[in-house]
J.: 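Shown below is the structure under consideration.
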Protein chains: 2
Amino acid sequence: MSTVRNPDQTRSRLLEAAYEEIYQNGFQGMRIDEVLARTGLKKGAFYHHFASKQELGYAVLDDVIEKFMTGRWLEAMQQADDPIAAVESKLDMMIAEVDPNEPIRGCPLNNLAQEMAPLDAGFQQRIDSVFQFWIGTVADALARGQAKGIIAARVKPQVAATFIVGAIEGCVGLAKASQNPATFLDCRSQLTDYMQTLRS
Amino acid sequence: MSTVRNPDQTRSRLLEAAYEEIYQNGFQGMRIDEVLARTGLKKGAFYHHFASKQELGYAVLDDVIEKFMTGRWLEAMQQADDPIAAVESKLDMMIAEVDPNEPIRGCPLNNLAQEMAPLDAGFQQRIDSVFQFWIGTVADALARGQAKGIIAARVKPQVAATFIVGAIEGCVGLAKASQNPATFLDCRSQLTDYMQTLRS
DNA sequence: ACTAGTACAGACCAACTAGTCTGTCTATAC
DNA sequence: GTATAGACAGACTAGTTGGTCTGTACTAGT
């Protein structure tokens, strides 16, 4: 049996399976054997593409999570006429994506942050850079809103954006703790109130 | 050598060591051997007091973390003249407790929540009950503030309290991700702004 | 004082898990 | 076409980890 080889795709499959396993069990809880079982690949393939479990974790952050967050927030914020409406729209999307049949697993980025940031500098730097990028997209949108006069001049875009991102993660985290989507809705309603105070 | 025995204290030492290990490495990352090394005890002692690692985790939540949160928030909120000022005071205490020489490890309760809530129903229920208690203390204080006329009547205490707790955890979580206390200060300043909007 | 249950010590085990190594098949360069 | 490097398979290992089990010393009730 002649096997067709496609190393790039093999690597992607490993990354995708690892992302799922990490999302479900955390990085430390993720087992390489389970990633291999998901993909049907063997140890030989894995360690050909990744030097270690740690390197796999870094690659998931670099190649899956960062790209996901970039795709999700960058252009949505960049081409937003109203930054607050754009954030609200993203929150609506997050709600729509919740699968009521599955446990609430929260935000993949924040999950890794809370687990790994104090334990591993490589994780921490990558995570921080994604958060800073995310906050930066919101801050830039707020600053453009100020230029357009729809956001109050007193608002500090970076500070407000930090809080918006922090509050989103907080609301998601509480919903995860309670395993109740209604918690997110309650929490989010107040984030909405806060954001309205940023308008001029 | 005649060893003095004190089973209650032995159990407490195990719980305290386990709490520290969980706080540093997470529940899954916590190793029983390391708990024993911290205490100088052996397997025999451990499995006499706890049926399993899972039961230890439950006990840490029930006997350490819940008690800690109760002691920290209950009476402070109960005897608060001004609920917002009381929360601010607690935030000041949290800042004061940060040790600049150690990595920012965040909130022990939220750490466990983000790691274990979707994985283990026993953890999830215990964590949720502590969060609900915490939120309840804040909500009750807000309601009393409304009765006194210092909190606006339009405020829904439970919803506002949920957001306050969520935002606190979000701010702490971001500071943990960035390993930068300044992130918490920025984030918190906006939580302060939000809370001011609750006044009448 | 005796006994029975309690509170441990510490050796041991079975399962798991990250990582290694050798071999083989495939693709690519020439 | 052939050599060389890349892309895997899969058996194997060494270390770890939660948990068990037996034995023993302590303690409380009678």
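Here is the naming used below: chain letters follow the sequence lines, and residue numbers restart at 1 for every chain.
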J.: List the atom pairs, with distances to 0.1 Å, where a side-chain N or O of residues 152-172 of chain A and a protein N or O form a donor-acceptor pair under 3.5 Å, not counting sequence neighbours.
T.:
| residue | atom | partner | partner atom | Å |
| --- | --- | --- | --- | --- |
| R154(A) | NH1 | T197(A) | O | 3.2 |
| T162(A) | OG1 | Q158(A) | O | 2.8 |

J.: Which atom pairs, donor and acceptor, lie under 3.5 Å between side-chain atoms of residues 93-103 of chain B and protein residues at least two apart or in another chain?
T.:
| residue | atom | partner | partner atom | Å |
| --- | --- | --- | --- | --- |
| E97(B) | OE1 | R72(B) | NH2 | 2.9 |
| E97(B) | OE2 | R72(B) | NH2 | 3.4 |
| D99(B) | OD1 | N101(B) | N | 2.9 |
| E102(B) | OE1 | R105(B) | NH2 | 3.0 |

J.: For residues 116-129 of chain B, which residue pairs qualify under salt bridge (charged side-chain N to carboxylate O under 4.0 Å, His left out), counting only residues two or more places apart or in two chains?
T.: D62(B)-R126(B)
J.: Please report the C-alpha distance between L74(A) and F133(A) in whole Å, then the side-chain angles of each, then the deciding distance to 0.1 Å, and finally whether the side-chain contact (heavy atoms from CB on, under 4.5 Å) criterion is met.
T.: CA-CA 9 Å; L74(A) 182 57; F133(A) 166 82; 3.7 Å; yes
J.: Distance check needed: dT16(D) P versus K53(B) NZ, whole Å only.
T.: 16 Å
J.: For the side chain of R5(B) and the base of dA7(C), is some donor closer than 3.5 Å to an acceptor across the two?
T.: yes
J.: Any salt bridge (charged side-chain N to carboxylate O under 4.0 Å, His left out) pairs touching residues 24-51 of chain A, not counting sequence neighbours?
T.: E21(A)-R38(A), D33(A)-K43(A)
J.: In whole Å, what is the span from the CZ atom of R11(A) to the C1' atom of dG6(D)?
T.: 15 Å
J.: Under 4.0 Å, heavy atom to any atom of DNA chain C: which of residues 112-127 of chain B qualify?
T.: none
J.: Give me each pair satisfying side chain to side chain donor-acceptor pair (under 3.5 Å) with a member in residues 107-117 of chain B, each pair once, sequence neighbours excluded.
T.: Q28(B)-E115(B), N110(B)-Q114(B), N111(B)-K176(B)
J.: When the distance from OH of Y47(A) to C1' of dT13(D) is rounded to whole Å, what number comes out?
T.: 13 Å
J.: Which pairs with one or both residues in residues 134-149 of chain B pass salt bridge (charged side-chain N to carboxylate O under 4.0 Å, His left out), sequence neighbours excluded?
T.: D81(B)-K148(B)
J.: Does the side chain of T10(A) get closer than 4.0 angstrom to OP1 or OP2 of dC8(D) through an N or O atom?
T.: yes
J.: Please identify each residue that fulfils salt bridge (charged side-chain N to carboxylate O under 4.0 Å, His left out) with R11(A), with sequence neighbours left out.
T.: D63(A)
J.: Once you round it to whole Å, what is the distance between C1' of dT6(C) and CD of Q9(B)?
T.: 17 Å
J.: Describe, in one word, how the ring planes of F131(B) and W134(B) are oriented to each other, choosing from parallel (under 30°), tilted (30 to 60°) and perpendicular (over 60°).
T.: parallel
J.: Would you kindly give the CZ-to-C1' distance between R13(B) and dC8(C), to the nearest whole Å?
T.: 12 Å
J.: Please report, rounded to the nearest Å, how far the C1' atom of dG6(D) is from the CG atom of D8(A).
T.: 12 Å
J.: Once you build an axis from the first five pairs and another from the last five of the helix from dA1(C)-dT30(D) to dC30(C)-dG1(D), how far apart in angle are they, to 10 degrees?
T.: 20°
J.: Is H49(B) close enough to dC8(C) that one of its side-chain N or O atoms is under 4.0 Å from OP1 or OP2 there?
T.: yes
J.: Using a heavy-atom distance cut-off of less than 4.0 Å, which residues of residues 15-45 of chain B contact DNA chain D?
T.: M30(B), R31(B), I32(B), K43(B)
J.: Under the ring pair (Phe, Tyr, Trp, His ring centres under 6.0 Å) rule, collect the residues that match up with F123(B), sequence neighbours excluded.
T.: F27(B), Y58(B)
J.: dA7(C), OP1 or OP2 - any side-chain N/O from H48(B) closer than 4.0 Å?
T.: yes
J.: Which residue pairs satisfy the salt bridge (charged side-chain N to carboxylate O under 4.0 Å, His left out) criterion with at least one member in residues 86-96 of chain A, sequence neighbours excluded?
T.: E88(A)-R188(A), D92(A)-R188(A)
J.: Separation of F46(B) atom CZ from dT17(D) atom P, in whole Å?
T.: 14 Å
